[in-house]
Trainee: 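If you scroll down you'll find the structure; I have some questions about it.
First the proteins, then the strands, lettered A, B, ... as listed; each starts at 1.
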Amino acid sequence: MKKNVDVSIPLGPVHPCWKEPVRLKCETSGERVLRTEVELGYMKKGIERIMRGRPWQEVMFLAERVCGICSVVHNMVFIEAMEGISGIAVPPRAAYLRVIVNELDRVASHILANFSYCYTIEHETLGMYLLNVRETVLDNLERITGSRINTAYMIPGGVRFDLTEADKAALLADLVKVEADMHRYVRMFETGPLIALRSKGIGIMSRERAIEAHAVGPTARASGLPESDLRLCHPTYQKLGFTPISRTEGDNFARIMIRFQEVFQSIDLIRKCVDRLGEGDSIRGGGFCGAGEITYRGEAPRGELTYYIKSDEYGRILDIAIRTPSIMNIEACAHYMITDATSVADVTSTFISSDPCIACNER
Amino acid sequence: MKYLYEKDLRQMKYNILTSTRHDMVVRQIARRLGIGEQKMRMILIRTFDMSLLENLEARYEMGLLHADTDDPVARKLGCELFTDFIPLVAPEAMQSIYEDVRTHIASGTQENSAIDEGLARIREVIR
């Protein structure tokens, strides 16, 4: 005779589907998940404490080490915050180069997130295809910045390196290849009947719940919150005529599809930026970082990234607080998406669909 | 039963709450509810898991923006703020407190003193 048993199921801290250590404690009644608790603390870096008292020249390198996946946007938000404090202007060419690198990083991050999801739902073939495409994207990041991950590309008033004509041509050629491959893989994902079984109608988060938990990024946009995309407020993106993508289903499928759609959107943005690079020659405007206080937000691949910075007249960081998007998304996932899941097997895939970054969360 | 693999998370939760931005939010919530700061930290640590404590600042920010926008009494009591956005009070308990405050106001009690009474009941519930 079947019987419903109340059990507490711990997932992690070491789990084959997790990229980083985290522990989920699910209280279940039979297969239904009643409540989930998140236990962090397995990879606390204390990076905010390390940053305090250091000059901005050191902190910019530390900032991009908050996250190993979306390091470019940490660099970008920190530098733009320092520019905001000190009133430093950025030449148009440098602004477009920043967007190119940031969007390449977004593409790499979204592809990695979707790889993780495919791996979790046991579609390893599609996962490996996606990782292969990601390599091409990272090669382009390396070609432009000299590094695949911790690029330190942006500096106050500009960027470190220009994009040569040869690199520009190689980038555009690679984008054509990436776009063609991604169209094929998205079709595989969209039309796969087994993928639909594991993804459609699973881990639903309503718009109201997304607002309550301040869900951000593709997680929020999959629940019908297009206004959560902070690229709408960024001057360079405004010049490019950026419009956010959103869906209303709020399930695992919608979150993954939003990332796929944003990959194509990023490719378009990169092409537009490359077209407009001729608007100026200078890549460095110069300037000094001084005293001030600012709360600056930018759109990371996972959503809203906030830096609160207080600096002295020499550009030393007196106080800093970083609010990464994973803080909000992991919480929303644990308390809204996973709770009431009808099967424990859906917990891992739902958790991964919110693209959790534990390194970001614990800073 | 105490399991070997269950860690005592209080110190880590306390560290989360005493970071720059979280500390400001905890002080604001404590002031609003009329509870001591250290007592407030203890209540939060006891009630919430680590991810919700990390997200406390963002939830409070959204609560100030979106909670009870059309009802000033509910806004002063924090009806949605302390049930949906920062779930310190059960919705049924908050509903009962809100209805009692409304009844007091309707029967001629001054709005501020009725709200103070409601806040005192909220304090009782969360302690």
Trainee: To the nearest 0.5 Å, what is the distance between CG (B:N55) and NE2 (A:H214)?
Mentor: 8.0 Å
Trainee: Which residues, numbered in order, of residues 57-89 of chain B come under 4.5 angstrom of chain A by heavy-atom distance?
Mentor: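 So the qualifying residues are B:E57, B:A58, B:R59, B:E61, B:M62, B:H66, B:D84, B:F85.
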Trainee: Are there over 12 heavy-atom neighbours, none belonging to A:R52, within less than 6.0 Å of that residue's CZ?
Mentor: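 Above 12, so yes.
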Trainee: Can you name the residues of residues 109-127 of chain B that have some heavy atom under 4.5 Å away from a heavy atom in chain A?
Mentor: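 Residues of residues 109-127 of chain B touching chain A at under 4.5 Å: none.
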Trainee: Does any heavy atom of chain B fall under 4.5 Å from the side chain of A:R23, the backbone, both, or neither of them?
Mentor: side chain
Trainee: Take atom NZ of A:K310 as the centre, draw a 6.0 Å sphere, and report whether it contains more than 12 heavy atoms from other residues, nucleotides or ligands.
Mentor: no
Trainee: Under 4.5 Å heavy-atom distance to chain B, tell me which part of A:T295 shows up: side chain, backbone, both or neither.
Mentor: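 Contact with chain B: side chain only.
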Trainee: Tabulate, in ascending numerical order, the residues of residues 34-53 of chain B having at least one heavy atom closer than 4.5 Å to a heavy atom of chain A, or enter 'none'.
Mentor: B:D49, B:M50, B:S51, B:L52
Trainee: Is it the case that more than 12 heavy atoms not belonging to A:Y42 sit under 6.0 Å from its OH atom?
Mentor: yes
Trainee: Please determine, among A:V22, A:N361, A:T306, A:I330, the option with the most heavy-atom pairs under 4.5 Å with chain B.
Mentor: A:N361
Trainee: Which region of A:R35, side chain (C-beta onward) or backbone (N, CA, C, O), has a non-hydrogen atom less than 4.5 Å from a non-hydrogen atom of chain B, or is it both or neither?
Mentor: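 No part of A:R35 comes within 4.5 Å of chain B.
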Trainee: Give me the contact list for residues 15-31 of chain B versus chain A, heavy atoms only, anything under 4.5 Å, ordered by residue number.
Mentor: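 Within residues 15-31 of chain B, near chain A: B:T20, B:R21.
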Trainee: May I have the step-by-step check of side-chain contact (heavy atoms from CB on, under 4.5 Å) for A:E39 and B:L9, ending in yes or no?
Mentor: CA-CA 8 Å; A:E39 189 180 301; B:L9 303 174; 3.7 Å; yes
